[in-house]
Amino acid sequence: MIVELAPHSLTWDDVDPTRQAFDAASVARTVRSLGPARCVPIRPDIPFGDPAMSAWSHGEAQSWADAMSFALVQHYGRWTVGWRWSHDEGDFDGGPVGNWCCPRDSITTPEETLARVEAALREWREWLEYLVGWFEAYPLDLSDIESQRILWERSARNLILQVVDRTGCGSGWHGHCRQVLTWFLDHWGVAPEVARGLVDEAIGGRFHSWTGPDTVTVDGVAEQLALSLQPADGRGRADAPARDHLQRWLAVRESVPWHEIPDSGADGPVAPLRDGAMEDIRAFDGAIAPARAQGLLSALELLRADAARGARLDFTLLSGWQQHVLDTPGPPRFRNAPAFAKRGRERYGIGPDTRAHFDACLAGSASDAGRPLGLTARAARACLDVCFFHPFDDGNARSAFLTLVFVLAREGVALDGVGLLRRISFEADAPQDPLILVRYINIHLAETRRRTADSTGSTGSTGSTAR
């Protein structure tokens, strides 16, 4: 929830190089000016098969790579997250980048590592610019689709072949192919949500990992895509009423079967050997900027004290933490205007009762003997409440993460890892996203219990929370 660092969800609006400034000549200087460049981890001199290497790669090295992605997004824009989209089974499956693989293979010495970051970023940008050239190969017009279907089909076929060549048809290559075809339709005026549906229907499971599509398959997908297009598939009117994604979230919130979700918190308190939240802040936020990490660590310390005394979760409590997160003179106030996220794709409305409604939702994070709801479901729901009520002018993702940690800590539960909980974003109107977040919390909690039990040689758990 810091920022979506996975490139699979990039839209054409995110990556269109004609709208995203980039000076390739200065990229080396820029990369070296970013916070993570000052603390590049050095790969340990141990065999790749050593468990310690896996721990380093998925811990310190992964956090550093995520921090570099975040820093690049802050400087250039969200399009940059594709710099790690490597071929085959790298950081993200099936991408077009050959200059980066994964932390274990690509992080070596600081100088070599930064050179790889630069090369991978340039390579990703060049691919985006190359795609624009193919998009523009024919002047297409959705309103004249009947006389241009052969051109739409030819363009789609060429794009599939370009992705095939660029990715090498390794693991997950078809995901990027879907994305490129969706970008192509979006570029020529097809509504993005319509484009995704048309592309998925045209491909229809005919592309597979580690397998290049034959000519008949490529032609069939391109033909079906062109034939499915209609003039009405274009974008809606620019003056359409703005959506209120807070209201959409509240509707989703009511529809989620929270009481039916499996709960890994039912086994009681657990205190891991390491505080996953603290370590992640030090590794990830500390690489971005020491002051950012210090603010979060101060908020985390206050949060733990509040959890130990069983404090009631409401906006006032969050605002006290947020003062440390944002380093403001006093607790920040609740926003007084509509808020926006995801580059404006989500808009959260405001009304006279928004704060009161927010506090009422957060109150549901406490245990209720009358109508019990699982701990991890309550933690996920409160976290998403902060995301979509968006109470602060800045730092809402960090506030949402702290909220999740607090709800667990109030019942004596801490996690030894939080990577799955900080590297993703959620959609306000996606009914499956709350279930995904609960599942991620359960995964981390189950792993925490297992590792804690393994280290003590027993299956019991302790009642204190890691500080």
**Message:** Quick one, Arg410 with Asp306, criterion salt bridge (Lys or Arg N to Asp or Glu O under 4.0 Å). Give me CA distance, side-chain angles, the key distance, then yes/no.
**Reply:** CA-CA 8 Å; Arg410 191 167 52 181; Asp306 289 335; over 6 Å; no

Between [X] and [Y], is the gap from one ring center to the other below 6.0 Å?
X      : Y      : result
Trp12  : Phe135 : yes
Tyr348 : Phe389 : no
Trp173 : Phe207 : yes

**Prompt:** How about Trp100 and Asp91: does a side-chain donor come under 3.5 Å of a side-chain acceptor?
**Reply:**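 Yes.
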
**Message:** Looking only at side-chain N and O atoms, does Ser264 offer a donor or acceptor that is under 3.5 Å from a partner on Arg439?
**Reply:**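 The criterion, which ignores hydrogens and geometry beyond distance, is not satisfied for Ser264 and Arg439.
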
Please find the pair of heavy atoms, one from [X] and one from [Y], that lie closest to each other, and give the distance.
X      : Y      : answer
Asp93  : His8   : O-NE2, 4.0 Å
Gly265 : Thr376 : N-CG2, 4.0 Å
Ala379 : Ile441 : CB-CD1, 4.3 Å

So does [Y] get a backbone contact from the side chain of [X], meaning a donor-acceptor N/O pair under 3.5 Å?
X      : Y      : value
His444 : Leu420 : yes
Ser365 : Leu362 : yes
Thr113 : Thr108 : yes
Glu153 : Leu225 : no

**Request:** Evaluate side chain to side chain contact (heavy atoms under 4.5 Å, CB included) for Ser399 paired with Trp321, printing each intermediate quantity in order.
**Result:** CA-CA 8 Å; Ser399 180; Trp321 307 339; 5.6 Å; no

**Asked** Under 4.0 Å between a Lys/Arg side-chain N and an Asp/Glu carboxylate O for Arg423 and Asp280?
**Response**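 Salt bridge present between Arg423 and Asp280.
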
